[in-house]
Asker: 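If you scroll down you'll find the structure; I have some questions about it.
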Amino acid sequence: VKASYIGFGTDAAGEGYELFKEAMAEIGILLCRHIHHPPNRFELAHLEQSDLVFLDRGDRKRLWETLGTDIGSEVAEHVKWRYLQGAVVIAVGESTTLLG
């Protein structure tokens, strides 16, 4: 089982990712990856295979500015594709707008 953390809308993404990893370890998910902006090819590959995708809270303006780029919209499309393939997608706060 793989899980991805996306914190494009927050300055505290590093701290959020650490909390995310701890929470995932509690339920037995050890293959976690922080998806950065811009993501590298390994992060995109992990996202494409993730069974759980967590979208952290943050500032709406920053989130939309990030997702409005070509790279940001590519990540958004990957998240939607994973959802359609049966992955669990959890969005908190302003990141719920990504789910449309």
Side-chain angles (χ1 to χ4, degrees):
V1 176
K2 292 183 178 183
S4 291
Y5 170 89
I6 301 171
F8 289 174
T10 180
D11 288 328
E15 297 167 9
Y17 176 62
E18 292 304 317
L19 292 171
F20 172 75
K21 282 195 317 187
E22 290 174 18
M24 292 298 100
E26 289 287 323
I27 60 172
I29 299 174
L30 302 176
L31 296 173
C32 299
R33 189 168 276 251
H34 184 174
I35 309 302
H36 295 89
H37 186 271
N40 63 42
R41 63 188 174 111
F42 301 108
E43 292 170 349
L44 284 177
H46 185 89
L47 178 58
E48 289 174 355
Q49 299 172 1
S50 288
D51 304 292
L52 185 145
V53 180
F54 181 80
L55 304 160
D56 206 351
R57 68 195 179 284
D59 177 63
R60 178 183 291 188
K61 182 178 179 184
R62 180 175 174 184
L63 181 65
W64 277 107
E65 286 173 351
T66 305
L67 292 174
T69 65
D70 290 340
I71 293 169
S73 62
E74 179 183 7
V75 170
E77 290 303 314
H78 278 54
V79 171
K80 290 176 186 175
W81 182 81
R82 287 308 305 140
Y83 173 75
L84 293 173
Q85 296 298 312
V88 174
V89 177
I90 303 167
V92 179
E94 297 298 332
S95 65
T96 58
T97 58
L98 173 64
L99 304 178

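Predicted model, so just to flag it, every value in this text is computed and none were measured. We use all heavy atoms of the structure for the numbers below, so side chains are in, but hydrogens, waters and symmetry mates are not.
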Asker: Taking side chain to side chain contact (heavy atoms under 4.5 Å, CB included) as the definition, give me every residue that meets it alongside Lys2, ordered by chain and number, with sequence neighbours left out.
Answerer: Leu31, His46, Gln49, Ser50, Asp51
Asker: With a 4.5 Å cut-off on side-chain heavy-atom distances among I, L, V, M, F, W and Y, is there a chain of contacts connecting Leu55 to Leu84?
Answerer: yes
Asker: Whether the side chain of Glu77 engages the backbone of Glu74 through a donor-acceptor N/O pair (distance < 3.5 Å, no angle test) should be reported.
Answerer: no
Asker: Flag yes if Tyr83 and Leu47 sit in one hydrophobic cluster, no otherwise; membership is Ile, Leu, Val, Met, Phe, Trp, Tyr, and two members link when side-chain heavy atoms are under 4.5 Å apart.
Answerer: yes
Asker: For residues 5-13, which side-chain N or O atoms pair as donor and acceptor with protein atoms under 3.5 Å away, sequence neighbours left out?
Answerer:
unit_1: Tyr5; atom_1: OH; unit_2: Asp56; atom_2: OD2; d: 2.5
unit_1: Thr10; atom_1: OG1; unit_2: Ala12; atom_2: N; d: 3.1
unit_1: Asp11; atom_1: OD1; unit_2: Arg62; atom_2: NH1; d: 2.1

Asker: Please say yes or no: joined through hydrophobic side-chain contacts below 4.5 Å, possibly via intermediate residues, are Leu19 and Tyr17 part of one cluster?
Answerer: no
Asker: A side-chain contact here means heavy atoms from C-beta on lying under 4.5 Å apart; do Val1 and Leu52 qualify?
Answerer: no
Asker: Return the NE2 to NE2 distance between His36 and His34, rounded to the nearest 0.5 Å.
Answerer: 4.0 Å
Asker: Got a sec, which residues hit side chain to side chain contact (heavy atoms under 4.5 Å, CB included) with Ile27, two or more places apart in sequence or on another chain?
Answerer: Met24, Ile29
Asker: Surrounding CD of Glu15 (heavy atoms of other residues, nucleotides or ligands, distance under 6.0 Å), is the total greater than 12?
Answerer: no
Asker: Could you give all pairs that pass the salt bridge (Lys or Arg N to Asp or Glu O under 4.0 Å) test and reach residues 16-35, with sequence neighbours left out?
Answerer: Glu18-Lys21
Asker: Hey, which of Ser4, Pro39, Pro38 is the one that makes side-chain contact (heavy atoms from CB on, under 4.5 Å) with Leu44?
Answerer: Pro39
Asker: Which heavy atom in Phe20 sits nearest to a heavy atom in Ala3, and how many Å separate them?
Answerer: CZ-CB, 3.7 Å
Asker: In this structure, would Trp81 and Val89 fall into the same cluster of hydrophobic residues linked by side-chain contacts under 4.5 Å?
Answerer: no
Asker: Not counting sequence neighbours, which residues clear side-chain hydrogen bond (donor to acceptor under 3.5 Å, both in side chains) with Glu48? List them please.
Answerer: His78
